[in-house]
Amino acid sequence: MTLTQLEIFSLVAELQGFTSAAHRLGISQSAVSHAIKALEQELGVELFRRHQSLVEPSDIGQQLLGRARAMLGLANTLQQEAADARGMRCGTLRIGSFGPTASIRLLPAILSEFRAAHPGIEVHVDEGPDRQVLQWLDERRIDVGFVVLEQERFDTFALFEDQMVALLPAGHPLAARDTLALQDLCDDAFILTEAGSSELVTRLFDAGQLRPKVRYRCAQLLSTLEAVSRGDGLSLVAEASLPQAHDPRYVRRPLSPRVPRQIGLAVLDRRQSSPATLAFIEIAQSLGRSSKFQAGHLSSTHSSPACR
């Protein structure tokens, strides 16, 4: 059994195909098939079930996949620690990111400093909903991920705090108010952004024993913005996820009482994290302490709904 075989096994499982894995690795499909066959023969089990052009891990294959990813993660950490002794001149860092808050507001500044400090580290960024980033961490597909805190089963590092805000069509009567309560959002049609902080939004309403009239469930924030702008309903979103450019079609209003949302980085186990991962976290925290991630304040929105 070799690390190369385990890497191929993990990638075939992730991409659900021998051809896709071969393309990603830059090798022939026959080489992928041979590696999997040799691994299956050595272990004495069938690792995949074939369904026409797609494959998926068998029951035992799924069980062994977590072990394989753990071994690959530890091997990567060993390589990173050796690279660190040489000045961290090479290695790989896999990052999980979600939504505009992480991918647009936070990640670019961190990556800019990280690449300047460690140009030899190859960086891979995977984007998905925040709950998928948690899954990637559990499955060891990524080394570090942006998450909404708190996350008790991971080692976490706080970076940035923004707040949840109500999103209203520009001409809505509630836009004349400085702040809104959750109760105010329950009389109109409500638009829930599934890819954003949907779990947080749901928990907020449940805690207040409130039931918003959910009319739409949008997969992306952009769809939510368009729906609100058309007057299809109200929404509740994270302030930092909104475009910084002014859009006259909708307004944002803070909640009273204020509802903060804490964003941070998470790793499965800090003690097993690679030097590149720890360097990325250190740079991110440094930028957070310098307030370079600070969200735009809403003070300008309080005076007049027309100014937004």
Side-chain angles (χ1 to χ4, degrees), residues 94-111 113-114 125-138 142-167 179-182 185 192-208 210 220-221 224 235-244 252-270 273 277-299 301:
R94 303 166 300 169
I95 303 167
S97 184
F98 71 90
T101 301
S103 296
I104 296 177
R105 184 180 290 274
L106 305 182
L107 187 57
I110 304 172
L111 280 182
E113 293 209 8
F114 181 83
V125 179
D126 287 319
E127 292 183 287
D130 46 358
R131 55 184 170 272
Q132 189 168 34
V133 173
L134 298 177
Q135 180 180 338
W136 288 338
L137 282 166
D138 274 328
I142 56 176
D143 301 307
V144 60
F146 288 91
V147 298
V148 179
L149 302 177
E150 294 287 329
Q151 299 292 339
E152 294 183 358
R153 68 180 186 274
F154 301 111
D155 289 337
T156 59
F157 310 84
L159 294 182
F160 167 79
E161 182 181 283
D162 67 344
Q163 62 179 323
M164 302 302 293
V165 296
L167 205 61
T179 61
L180 297 174
L182 280 178
L185 307 180
L192 182 65
T193 307
E194 297 280 6
S197 299
S198 58
E199 288 89 352
L200 174 57
V201 171
T202 300
R203 287 199 305 270
L204 287 173
F205 282 113
D206 287 346
L210 300 171
Q220 300 294 334
L221 177 65
T224 299
S235 192
L236 187 62
V237 300
E239 181 187 14
S241 69
L242 294 171
Q244 297 188 41
R252 62 189 87 176
R253 292 291 178 265
L255 296 178
S256 180
R258 183 176 182 271
V259 178
R261 185 182 74 146
Q262 189 82 19
I263 305 298
L265 291 170
V267 296
L268 201 56
D269 186 342
R270 179 175 184 171
S273 294
T277 301
L278 297 177
F280 180 84
I281 293 170
E282 182 178 352
I283 289 172
Q285 288 188 303
S286 176
L287 290 173
R289 288 191 294 268
S290 67
S291 300
K292 291 190 177 182
F293 299 146
Q294 190 65 34
H297 294 293
L298 290 173
S299 57
T301 70

Nearest 0.5 Å please: distance from the OG1 atom of T224 over to the CG atom of L192. 8.0 Å
Closest non-hydrogen atom pair between R270 and F157, with its separation: NH1-CE2, 3.5 Å
Check: F98 main-chain N/O paired with D130 side-chain donor or acceptor under 3.5 Å: no
Are any non-hydrogen side-chain atoms of L255 and Q163 less than 4.5 angstrom apart? no
Side-chain touch V259/L182, heavy atoms, less than 4.5 angstrom: no
Do F154 and V147 have side chains that approach each other closer than 4.5 Å (heavy atoms only, starting at C-beta)? no
For residues S235 and L185, report the shortest heavy-atom separation together with the two atoms involved. O-CD1, 4.5 Å
Is it true that a side-chain atom of T156 and a backbone atom of E152 form a donor plus acceptor pair closer than 3.5 Å? no
When rounded to the nearest 0.5 angstrom, what is the spacing between CH2 in W136 and CG in D126? 5.0 Å
Counting only heavy atoms not in E282, do more than 12 sit closer than 6.0 Å to its CD atom? no
Is there a donor in the side chain of S241 and an acceptor in the side chain of T101, or the other way round, less than 3.5 Å apart? no
Apply side-chain contact (heavy atoms from CB on, under 4.5 Å) to L137 and V144, showing your working. CA-CA 7 Å; L137 282 166; V144 60; 5.6 Å; no
Spacing of I263 atom CD1 and L149 atom CG [to the nearest 0.5 Å]: 7.0 Å
Do D155 and L268 have side chains that get closer than 4.5 Å, going by heavy atoms? no
Taking R153 first and then D138, would you say they form a salt bridge - that is, a charged N and a carboxylate O separated by under 4.0 Å? yes
Under 3.5 Å donor-acceptor, D143 side chain and T277 backbone: no
Between L107 and S103, what is the shortest heavy-atom contact and its length? CB-O, 4.0 Å
Stepwise, does the side-chain contact (heavy atoms from CB on, under 4.5 Å) test hold for L159 with Q285? CA-CA 6 Å; L159 294 182; Q285 288 188 303; 3.9 Å; yes
Of all heavy-atom pairs between A284 and I110, which one has the smallest distance, and what is that distance? CB-CD1, 3.6 Å
Of all the heavy-atom pairs spanning E161 and Q262, show the shortest one and how long it is. OE1-OE1, 3.1 Å
If I compare all heavy atoms of V201 with all of L236, which pair ends up nearest, and what's the gap? CG2-O, 3.7 Å
Counting C-beta onward and ignoring hydrogens, is there a side-chain heavy-atom pair between L265 and F280 closer than 4.5 Å? yes
Could you tell me whether the side chain of R261 reaches within less than 4.5 Å of the side chain of L200, counting heavy atoms only? yes
Stepwise side-chain contact (heavy atoms from CB on, under 4.5 Å) check, V133 with I142: CA-CA 8 Å; V133 173; I142 56 176; 4.0 Å; yes
